[in-house]
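Contents: one structure, followed by commentary.
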There are 2 protein chains.
Amino acid sequence: MNPISKAEENHLKAIFTLCEESDKPASTNAIAKIMKTKAASVTAMIIRLSGKEPSLVNHQKHKGVRLTKAGKKLATNLIRKHRLWETFLVEKLNFSWDEVHDIAEELEHIKAEKLIDRLDEFLGRPKFDPHGDPIPDAEGNFTYRKQILLTELVKNQAAVVVGVLDDSPSFLQYLNKLNLVLGAKVQVLERVDYDGSNRILLNDQQEQILTNKVCQNLYVKTL
Amino acid sequence: MNPISKAEENHLKAIFTLCEESDKPASTNAIAKIMKTKAASVTAMIIRLSGKEPSLVNHQKHKGVRLTKAGKKLATNLIRKHRLWETFLVEKLNFSWDEVHDIAEELEHIKAEKLIDRLDEFLGRPKFDPHGDPIPDAEGNFTYRKQILLTELVKNQAAVVVGVLDDSPSFLQYLNKLNLVLGAKVQVLERVDYDGSNRILLNDQQEQILTNKVCQNLYVKTL
DNA sequence: AATATTTTTTAGATTAATCTAAAAATAGTA
DNA sequence: TACTATTTTTAGATTAATCTAAAAAATATT
């Protein structure tokens with residue numbers, strides 16, 4: 001059975017993400033939504049993936065689908081490639097963090113393993129990408145980090161921004177304007193019950209008002 | 001009419017190369033040979049390419065095919081991308097010149113124009129790739145250089161190696177062994193009629209015997 | 001539990017890119 | 001020039017990846 005195709009890879013990635021998020025088998029509908037296709041197409045693809053040697057997914061009709069060990073390995077490697085390319089684009093080619101997703105989405109399908117090894121080395125074997133997401137190593141191990149959402153940070157406790165939950169360009173661009181980039185130091189001065197806003201001290205200097213929506217999408221690590 | 005596909009791009013590149021080489025329309029058979037497909041498939045592809053808006057090729061049945069202005073623009077841009085990626089692989093990721101062709105063959109199909117602009121900048125807007133081939137600029141202009149084959153170099157005239165005609169891995173690897181890399185200084189000490197070999201002085205130091213075949217595939221520039 | 005709603009699968013069709021085999025056109029040669 | 005050989009095109013088939021519409025299964029609601 002031929003080398004794995006881009007469409008197959010993207011389905012694996014979607015299934016991986018869904019199963020990680022919910023710990024339940026991924027539904028055809030949910031996969032179709034991510035892939036921007038229809039449930040019927042997903043069913044066909046699942047059948048093809050489960051017919052691979054070795055099989056990449058386990059599925060029972062109407063019961064959703066999970067990745068096998070082999071499928072997980074492939075999905076993890078894709079995520080590794082995606083995040084390394086994003087890092088390259090930001091660190092070396094001066095893209096900003098809101099621009100890199102779509103380009104990395106294409107680059108992640110380049111096959112040569114040696115390329116990704118060398119790229120990893122060139123970048124200094126980074127553990128996190130420009131959005132603060134962990135980059136798995138060549139064996140597929142992620143680095144975990146005790147991080148919390150800014151909404152969970154206790155008042156006056158100092159912390160640094162280490163990542164985002166929502167990585168949509170519009171949110172990232174808004175953060176740019178607020179100077180809320182990775183590494184920024186933050187402290188919650190006050191949580192205002194009245195409108196759910198948060199008074200924040202940013203980099204020990206400026207005060208800033210953040211809505212709960214923003215705080216719910218920012219990961220921080222206490223100092 | 002949708003974005004241009006990888007298969008379409010590769011056909012354009014093949015046609016470009018053939019027409020540049022011979023100044024004649026490219027034949028379906030010749031294209032099929034490069035594409036490793038069959039003439040019938042090429043005919044089908046040509047019909048598709050000529051139906052694009054704007055049309056990418058001009059063809060009359062049984063008379064071969066040429067690129068239109070629009071087709072040439074696309075082909076040139078592909079060559080630009082291919083050569084910039086090769087340069088990146090060698091200069092930044094420490095690949096050797098015999099390893100980069102196939103990887104660049106994949107990378108050249110990544111679409112984002114901004115990516116290639118930034119890459120060009122990152123590499124310092126190089127004019128030649130690791131094999132000495134010119135890299136067209138964003139407008140499609142190639143830098144020409146008066147270069148000759150080593151077989152044409154007059155006896156005792158000093159010159160530097162600036163490129164290769166044959167860029168097959170086996171030839172490039174052989175050149176590595178002989179220390180005949182880009183920038184090496186060469187002088188022809190003697191052309192031996194007996195066996196068609198050439199006595200060369202390399203980097204003002206070592207003497208080296210090169211066959212005519214090697215000399216016919218090495219471009220040099222006189223000093 | 002019976003029925004209605006939603007989700008998933010099946011069936012059948014479409015498009016891109018390829019193939020083989022046969023027909024048609026061009027080129028080469030006696 | 002007429003015949004032969006080669007090249008190109010046409011015709012018809014195949015596979016991957018998608019679609020729509022309908023059928024079947026699972027889930028939710030009275």
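Keep in mind that this is a model prediction, so the values were computed, not measured. The chains referred to below are lettered A, B, ... by the order of the sequence lines, with proteins before strands, and numbering in each begins at 1.
- Counting non-hydrogen atoms under 4.0 angstrom, A/Thr43 reaches a base of the nucleic acid.
- If you take CE of B/Met35 and P of C/dC19, they are 9 Å apart, rounded to a whole angstrom.
- Distances from the side chain of B/Ser27 to the nucleotides D/dT8, D/dT20, D/dT18 place D/dT8 closest.
- Between C/dC19, C/dT10, D/dA25, one nucleotide has an atom nearer to the side chain of B/Lys38 than all others, and that is C/dC19.
- In this structure, the separation between OG1 on B/Thr28 and CD1 on B/Ile46 is 6.0 Å, given to the nearest 0.5 Å.
- In this structure, CD1 of B/Ile4 is placed 13 Å from P of C/dA16, rounded to the nearest angstrom.
- OP1 or OP2 of D/dT7 has not a single side-chain nitrogen or oxygen of B/Thr28 nearer than 4.0 Å.
- At least one side-chain nitrogen or oxygen of A/Ser41 sits closer than 4.0 Å to the OP1 or OP2 atom of D/dC19.
- A/Asn2 has its CG atom 14 Å from the P atom of C/dC19, to the nearest Å.
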Can you give me every donor-acceptor pair (side chain of residues 29-36 of chain A, partner residue at least two apart or in another chain, under 3.5 Å) with its distance?
none

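- As rounded to whole Å, 17 Å separates atom C1' of D/dT8 from atom NZ of B/Lys33.
- A heavy atom lying under 4.0 Å from DNA chain C marks the following residues of residues 7-26 of chain B, by number: B/Ala7, B/Glu8, B/His11.
- The side chain of B/Ala40 lies closest to C/dT20 when the candidates are C/dT18, C/dT20, C/dA11.
- What separates CG of A/Asn29 from P of D/dA25 is a distance of 18 Å, to the nearest Å.
- Between the CE atom of B/Met45 and the P atom of C/dA16 there is a distance of 10 Å, given to the nearest Å.
- Around atom NZ of B/Lys111, more than 12 heavy atoms belonging to other residues, nucleotides or ligands sit under 6.0 Å away.
- Remark: A/Lys92 is not positioned above the aromatic ring of B/Phe88, lacking an NZ or CZ atom under 6.0 angstrom from the ring centre and at most 45 degrees off the axis.
- For residues 129-142 of chain B, the salt bridge (Lys or Arg N to Asp or Glu O under 4.0 Å) pairs, not counting sequence neighbours, are B/Arg83-B/Asp129.
- Of all nucleotides listed (C/dA25, D/dT18, D/dT10), D/dT18 comes nearest to the side chain of A/Ala44.
- A distance-only check finds no donor-acceptor pair linking the side chain of B/Asp98 to the backbone of B/Leu172 [under 3.5 Å].
- Between the side chain of B/Asn198 and the backbone N or O of B/Leu210, at least one donor-acceptor pair lies under 3.5 Å.
- B/Lys61 has its NZ atom 13 Å from the C1' atom of D/dA11, to the nearest Å.
- As rounded to whole Å, 11 Å separates atom P of C/dT26 from atom CD of B/Gln60.
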